J.: 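After the structure tokens below, expect a handful of questions from me.
Both counts, for ligands and for their atoms, begin at 1 and track the order of listing. What you see below is based on every heavy atom in this structure, not just the backbone, and it leaves out hydrogens, waters and symmetry mates. Predicted model only: the values in this text are computed from it and were never measured.
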Amino acid sequence: MTDVTFESLGVAEPILRALSAENYTKPTPIQTRAIPALLSGRDLLGIAQTGTGKTAAFGIPLLQKLSIGHVPPQPKQAKALILAPTRELAVQIEESLRTYGRFLNLKLTVILGGVNQNTQVRNMSKGVDILVATPGRLLDLVQQKQVALNAVNTFIVDEADRMLDMGFIRDVRKLVAMLPRERQSMLFSATMPDDIVKLTHDMLRSPERIEVAPQGQTADRVEQKLYYVPTQQKRQLLSELLKDVAMNRVIVFTRTKHGANKVAEHLSRTGVVAEAIHGNKSQNARQRALDMFKTGKARVLVATDIAARGIDVDNISHVVNFELPNEPESYVHRIGRTARAGGEGIAISFCDSSERSYLRDIERIIRMKIEPVAHELPELTEEQRRQQEEPRRPHGHRHGKPHGHKPGGHKHGGHGGREGGEAHNPHAPKKRNGSRPHWHRGRDKARESAA
Ligand code: AMP
């Protein structure tokens with residue numbers, strides 16, 4: 001097991017060269033098991049999330065298969081079809097395959113929604129070896145007879161559970177029905193809800209089943225921190241935390257698109273280069289934001305769950321849950337953005353009084369309690385004070401009376417003093433476990449310029 005190399009798995013020389021240029025010295029566990037199975041022609045069910053190296057796990061054997069005895073593709077046809085739920089993921093898969101296949105002479109293209117179809121139609125006119133697509137637009141182009149699926153000999157569905165969440169499963173099924181029966185198929189999914197199990201029965205033939213990094217394992221490698229903070233002080237807390245220069249590549253998650261914009265605008269106003277990425281932005285704007293982040297021009301990417309799904313950016317130092325997700329699985333996906341490919345990372349979650357039940361659900365699925373960090377927030381600015389005075393009604397706070405909270409009595413022990421009542425006394429929670437907050441009022445200016 002310890003001495004497994006890509007070479008020993010049977011990977012061909014031109015691909016080995018590309019992998020070594022990428023510094024992939026050792027196959028990841030999913031690659032170790034998937035590559036030989038796929039090279040032998042088997043179907044595959046991969047229960048794995050992003051970060052496990054699954055793209056190369058299916059990409060390497062695919063490239064190798066297509067390069068052996070290569071004949072050029074026919075007009076409008078694709079020999080391999082990869083379906084991805086989001087545009088970003090589709091682009092990312094294509095980029096990865098181009099990288100691994102750069103010493104091979106294969107044609108790849110992407111088809112995705114949200115942009116003009118003309119270039120995609122043109123790219124398909126002479127046919128391709130590998131087509132990566134989101135289901136909706138592909139179905140459109142097939143119906144327009146701009147793409148033919150009758151020559152597909154390898155079919156891959158990536159992030160199938162997310163396809164289901166996003167309502168694409170019917171489109172996927174329609175596409176499956178159009179494919180030749182004689183083919184090799186693979187399906188990857190982080191979780192296996194019933195509908196996906198059914199889909200695997202319909203599209204895979206006695207697949208090799210490989211399950212890696214079940215939920216929770218990623219979480220084990222991530223240092224998780226929790227801040228109880230009133231809603232109105234979240235932005236302030238974020239700015240304070242960002243004074244730490246160690247937070248050099250940060251994804252901030254919000255629940256809504258509007259929220260993502262507001263946080264990004266706030267950060268930009270305070271001199272932190274931040275980009276927002278969410279479904280209301282055009283594909284080009286999303287790609288631009290992602291590129292800014294990838295190249296380090298933007299230190300912070302503010303994202304919604306769907307937009308961030310599948311984003312593969314290395315060396316993310318911190319994930320900040322500005323708002324906790326209402327689906328606990330999303331928490332695991334979010335924090336998996338850091339600690340990729342076996343690395344370590346830090347995830348920071350903000351929790352206000354209306355999010356306590358989300359926190360409980362999260363702690364249940366990760367099977368651990370996230371330790372709250374004691375902190376003190378600096379004085380509110382005038383603007384924040386004004387905002388606080390405006391009436392607001394997060395659920396669970398309907399009568400303006402935080403339960404379990406006694407004014408001034410911030411005992412941060414157990415669950416008792418965790419409520420969002422701190423809003424009224426930002427300096428109250430001083431310590432827990434004797435630890436000091438890692439920032440203090442007064443030393444801000446110097447560090448701000450450093451950041
Ligand atoms: P994925 O799960 O396909 O999204 O891949 C997660 C990350 O791991 C990507 O940034 C890949 O470039 C990286 N990666 C994949 N396989 C390897 C490997 N064998 N060695 C080092 N990095 C890898």
J.: Side chain, backbone, both or neither: which part of F58 comes within less than 4.0 Å of ligand 1 when only heavy atoms are counted?
T.: neither

J.: Without placing hydrogens or testing angles, list every side-chain donor-acceptor pair under 3.5 Å for residues 72-84, not counting sequence neighbours.
T.:
{"unit_1": "K76", "atom_1": "NZ", "unit_2": "K145", "atom_2": "O", "d": "3.3"}
{"unit_1": "Q77", "atom_1": "NE2", "unit_2": "N150", "atom_2": "OD1", "d": "3.3"}
{"unit_1": "K79", "atom_1": "NZ", "unit_2": "V71", "atom_2": "O", "d": "2.4"}
{"unit_1": "K79", "atom_1": "NZ", "unit_2": "D129", "atom_2": "OD1", "d": "3.0"}

J.: Enumerate the atoms of ligand 1 whose separation from the nearest heavy atom of K54 is less than 4.0 angstrom.
T.: 1 (P), 2 (O), 3 (O)

J.: Any side-chain donor paired with an acceptor under 3.5 Å for N326 and R255?
T.: no

J.: Can you see whether E240 engages Y227 through a side-chain donor-acceptor pair at a distance of less than 3.5 angstrom?
T.: no

J.: Side chains of S239 and H266: do they bring a donor and an acceptor to under 3.5 Å?
T.: yes

J.: Considering only heavy atoms of T55, which atoms of ligand 1 have at least one such atom less than 4.0 Å away?
T.: 1 (P), 3 (O), 4 (O)

J.: Evaluate G53 for polar contact with ligand 1, using N/O atom pairs at a separation under 3.5 Å.
T.: yes

J.: Checking Q184 against K65: is there a side-chain donor and acceptor pair closer than 3.5 Å?
T.: yes

J.: Can an N or O of N23 be found at a distance shorter than 3.5 Å from an N or O of ligand 1?
T.: no

J.: One residue to check: Q92. Relative to ligand 1, which of side chain, backbone, both or neither has a non-hydrogen atom less than 4.0 Å away?
T.: neither

J.: Which of the atoms in ligand 1, numbered in the order shown and given with their element, are less than 4.0 Å from a heavy-atom of K26?
T.: 18 (C), 19 (N), 20 (N)

J.: So for ligand 1, is T52 a polar contact partner (N or O within less than 3.5 Å, distance only)?
T.: yes

J.: Does a donor on one side chain sit under 3.5 Å from an acceptor on the other, for R42 and S40?
T.: no

